[in-house]
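We count residues from 1, following the sequence as given. Bear in mind that the values here come from a model prediction, so they are computed numbers and not experimental data.
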Amino acid sequence: MFNVQLSFTNTTIFQFSSSFMVQHHLQLAAASSHGWLRATPSDGHSETSVDKRWDSLAFNPVKTDYIYVLKSCKDGSFSNGGLRHYGNIEISPSAAVLNYGQGIIENLKAYKNKNGSIILFRVEENGLRMRVGADRMCMPAPTIEQFVEAVTSTVSANERWIPPSNKGFLHVRPLLMGNGPVLSLTPAPEFIFLIYVTPVRNYFEGGLKPINVVVENDIHRATLGGVGNIKAIGNYAGIMKAQAKAKANGFSDVLYLDSIHNRYLEEVSTANVFVVKDNTISTPVVGGTILPGITRKSIIEIAHSQGFKVEERLVPVEELFDADEVFCCGNAVCVLPVGSITLNGKRVDYGESGFVVSQQLYSALANIQMGLIEDKMGWTTLLN
């Protein structure tokens with residue numbers, strides 16, 4: 001067995017508020033009796049200006065205080081674990097996640113509203129999606145209730161790392177990994193469910209910033225019958241080469257086409273894509289290669305409520321040249337307008353309308369996520 005280092009940049013650690021510490025120590029006392037959490041928040045760190053720390057945030061990982069770790073039992077259930085201090089995890093060199101990529105990731109975020117309450121967005125949907133993905137990857141998964149409890153516990157334990165909503169949010173990363181030992185291609189004998197969090201800056205500071213995208217003709221993100229419709233960890237390394245090439249040529253990201261006809265839109269690297277024409281918003285239908293994004297689902301519901309016609313269908317790449325707007329969406333970016341798309345050297349620019357639809361949908365969704373307006377959709381969970 002060896003330790004896997006989750007490496008993060010150094011940063012100043014602040015002290016918990018006394019009221020939270022009292023409550024938190026009571027909650028963690030039971031956990032420490034099981035050997036999972038024995039330490040307390042660091043006492044040797046000086047407190048500096050909160051505003052200075054938030055202003056220096058980037059979209060990079062930062063070492064926080066606590067992670068959440070559960071290990072599976074022989075019957076596939078998860079019960080052995082809980083909160084522990086951030087640090088190395090033990091994993092076998094022959095773990096299925098290392099040797100065969102048997103693993104799944106999730107992404108969600110926590111905001112803090114003006115009243116100091118923590119806001120989680122559609123966390124049950126993430127728990128459900130992990131279970132669907134786990135079934136495809138021959139993995140047991142925590143129940144949705146366990147998933148929600150783990151997320152809320154981890155976020156609450158790291159409350160001091162949640163920036164003000166105008167400065168950023170807490171990125172929450174659940175992982176489900178096959179541990180060892182295995183040598184042949186077979187499901188792992190045990191599994192680790194882990195959550196870590198990190199504060200990140202708001203993706204849009206000073207307003208929406210359109211991106212310039214290039215259409216990829218040779219590399220495909222997913223194929224029918226594969227795992228493009230779940231958040232398998234192996235989905236992402238395979239597109240790094242195309243993304244690196246695009247950025248070297250001055251583009252922000254890559255738009256991928258289907259692997260059969262090389263004609264129909266699929267996704268931007270880590271985001272779903274939408275095409276706007278008049279009052280109709282079209283997006284690639286979820287059919288085995290498209291990730292059923294939770295932000296995607298929310299945008300569709302909001303667009304319907306605002307009177308747009310939303311079509312989930314095959315979207316030919318040619319429609320990009322006649323579109324009024326194109327935007328993509330995902331957990332981190334929320335809604336991200338596309339300023340231009342280049343296909344085989346031919347570029348089409350958007351923005352004459354001022355990205356009105358993108359801005360409208362972004363504002364509607366972001367205001368719910370940040371607690372700036374009443375959540376009439378019933379999507380948010382408040383942690384006081």
Worksheet item: Hey, does the side chain of Glu312 reach the backbone of Pro284 with a donor-acceptor pair shorter than 3.5 angstrom?
Response: no
Discussion item. If you apply the rule salt bridge (Lys or Arg N to Asp or Glu O under 4.0 Å), what do you find for Glu190 with Lys71, and how did you get there?
Written reply: CA-CA 7 Å; Glu190 67 175 47; Lys71 291 185 178 180; 5.1 Å; no
Worksheet item: Just wondering, do Ile341 and Arg347 contact through their side chains at under 4.5 Å, heavy atoms?
Response: no
Discussion item. Would Thr289 and Glu266 count as a side chain to side chain donor-acceptor pair (under 3.5 Å) here? Give the steps.
Written reply: CA-CA 8 Å; Thr289 59; Glu266 294 245 312; 2.8 Å; yes
Response to the item:
Output for pair (Phe308 CZ, Leu361 CG), nearest 0.5 Å, gives 5.5 Å
Worksheet item: Hey, would you say the His85 and Tyr66 ring centroids sit under 6.0 Å apart?
Response: yes
Item to complete: Please state whether the rings of Phe78 and Phe193 are parallel, tilted or perpendicular, taking 30° and 60° as the class boundaries.
Response: perpendicular
Worksheet item: How far apart are the C-alpha atoms of Thr186 and Ser184, what are their side-chain angles, what is the distance that settles it, and do they pass the side chain to side chain donor-acceptor pair (under 3.5 Å) test?
Response: CA-CA 6 Å; Thr186 183; Ser184 61; 5.1 Å; no
Item to complete: For the residue pair Ser353 and Asp324, confirm or rule out a side-chain donor-acceptor distance under 3.5 Å.
Response: no
Worksheet item: Is the backbone of Met137 close enough, under 3.5 Å, to the side chain of Gln102 for a donor and an acceptor to pair up by distance?
Response: yes
Fill in: Side-chain donor/acceptor of Asn158 to backbone N/O of Trp161, under 3.5 Å
no
Worksheet entry | Pair Lys297 + Glu125, salt bridge at N-O below 4.0 Å | yes
Item to complete: Quick one: list whatever passes side-chain hydrogen bond (donor to acceptor under 3.5 Å, both in side chains) with Lys245, sequence neighbours left out.
Response: none
Fill in: Spacing of Thr270 atom OG1 and Asn235 atom CG [to the nearest 0.5 Å]
11.5 Å
Fill in: Lys277 NZ to Asp322 CG distance, which is reported to the nearest 0.5 Å
4.0 Å
Worksheet item: For Asn212 and Ser252, does a side-chain donor sit closer than 3.5 Å to a side-chain acceptor?
Response: no
Discussion item. Any donor-acceptor pair under 3.5 Å linking the side-chain atoms of Gln359 with those of Ser363?
Written reply: yes
Discussion item. Between Tyr100 and Phe191, is there shared hydrophobic-cluster membership here, with clusters defined by ILVMFWY side-chain heavy atoms closer than 4.5 Å?
Written reply: no
Fill in: Minimum heavy-atom distance between Ala222 and Gly228, given as atom pair plus value
CB-CA, 3.6 Å
Practice prompt. Ignoring hydrogens and angles, state whether a donor on the side chain of Thr295 or Asn331 is under 3.5 Å from an acceptor on the partner side chain.
Written response: no
Discussion item. Is a donor from one side chain sitting under 3.5 angstrom from an acceptor on the other, for Ser282 and Arg313?
Written reply: yes
Worksheet entry | Step-by-step side-chain contact (heavy atoms from CB on, under 4.5 Å) determination, Val151 to Glu124 | CA-CA 10 Å; Val151 169; Glu124 296 87 356; over 6 Å; no
Worksheet item: Please walk me through it: do Thr283 and Glu311 pass side-chain contact (heavy atoms from CB on, under 4.5 Å)?
Response: CA-CA 6 Å; Thr283 190; Glu311 297 179 345; over 6 Å; no
Practice prompt. Using atom types as modelled and distance alone, determine if a side-chain donor or acceptor of Gln146 lies under 3.5 Å from a backbone N or O of Thr143.
Written response: yes
Item to complete: Determine whether Thr198 and Leu170 make a side-chain contact, defined as any pair of heavy atoms from C-beta on separated by less than 4.5 Å.
Response: no
Worksheet item: Would you call Glu301 and Arg122 a salt bridge, using N to O less than 4.0 angstrom?
Response: yes
Practice prompt. Please name the pair of heavy atoms, one in Ala95 and one in Asn179, separated by the smallest distance, quoted to 0.1 Å.
Written response: CB-OD1, 3.6 Å
Worksheet entry | Min side-chain heavy-atom separation Val326-Val273 under 4.5 Å | yes
Worksheet item: Is the closest side-chain heavy-atom distance between Tyr362 and Val333 below 4.5 Å?
Response: no
Response to the item:
Between Gly339 and Phe355, the two heavy atoms sitting closest are CA-CZ, 4.0 Å
Worksheet, complete the sentence: Separation between CG (Leu175) and CG (Asn107), nearest 0.5 Å, reads 9.0 Å
Fill in: Ionic contact status for Glu159 with Lys112, cut-off 4.0 Å
yes
Discussion item. So that I can tick it off, tell me whether Lys231 and Glu106 are bridged by a salt bridge, with the cut-off set at under 4.0 angstrom between side-chain N and carboxylate O.
Written reply: no
Discussion item. Whether the side chain of Asp258 engages the backbone of Leu265 through a donor-acceptor N/O pair (distance < 3.5 Å, no angle test) should be reported.
Written reply: no
Discussion item. I'd like to know if Val310 and Trp379 are part of one continuous hydrophobic network [Ile/Leu/Val/Met/Phe/Trp/Tyr, side-chain heavy atoms within less than 4.5 Å].
Written reply: yes
Worksheet item: Mind checking whether Arg221 and Leu291 have side chains closer than 4.5 Å, heavy atoms only?
Response: yes
Fill in: Parallel, tilted or perpendicular: ring planes of Phe169 versus His171, cut at 30 and 60 degrees
tilted
Worksheet item: When you check the side-chain N and O atoms of Glu325 and Ser358, is any donor under 3.5 Å from an acceptor?
Response: yes
Worksheet entry | Row check, Phe321 ring normal vs Lys346 NZ/CZ: under 6.0 Å, within 45° | yes
Worksheet item: Do Arg131 side-chain atoms and Pro142 backbone N/O form a donor-acceptor pair below 3.5 Å?
Response: yes
Worksheet item: With a 4.5 Å limit on heavy-atom distance, are the side chains of Leu320 and Leu343 in contact?
Response: no
Discussion item. If you compare all heavy atoms of Gly378 against all heavy atoms of Asp375, which two are closest, and at what distance to 0.1 Å?
Written reply: N-OD1, 3.1 Å
Worksheet entry | Within-4.5 Å side-chain heavy-atom neighbours: Phe121 and Leu108 | no
Worksheet, complete the sentence: Rounded to the nearest 0.5 Å, the CG atom of Leu176 sits from the CD1 atom of Ile192 at a distance of 9.5 Å
Fill in: salt bridge (Lys or Arg N to Asp or Glu O under 4.0 Å) partners of Glu318, counting only residues at least two apart
Arg263
Worksheet entry | Gap between atom CZ of Phe274 and atom SG of Cys328 - 0.5 Å precision | 10.0 Å
Worksheet item: For residues Ser79 and Ser77, is any side-chain donor paired with an opposing acceptor at under 3.5 Å?
Response: no
Worksheet item: Asn80 and Leu70: side-chain contact (heavy atoms from CB on, under 4.5 Å), yes or no, with the steps?
Response: CA-CA 6 Å; Asn80 181 24; Leu70 286 180; over 6 Å; no
Worksheet item: Between Val254 and Ala242, which heavy-atom pair has the shortest distance, and what is it?
Response: CG2-O, 3.5 Å
Worksheet item: Does a side-chain heavy-atom distance below 4.5 Å link Leu382 with Asn113?
Response: yes
Worksheet item: Do you see a donor-acceptor pair shorter than 3.5 Å between the side chains of Asp278 and Thr280?
Response: no
Worksheet item: With Ser156, which of Ile162, Leu383, Leu83 fulfils side-chain contact (heavy atoms from CB on, under 4.5 Å)?
Response: Leu383
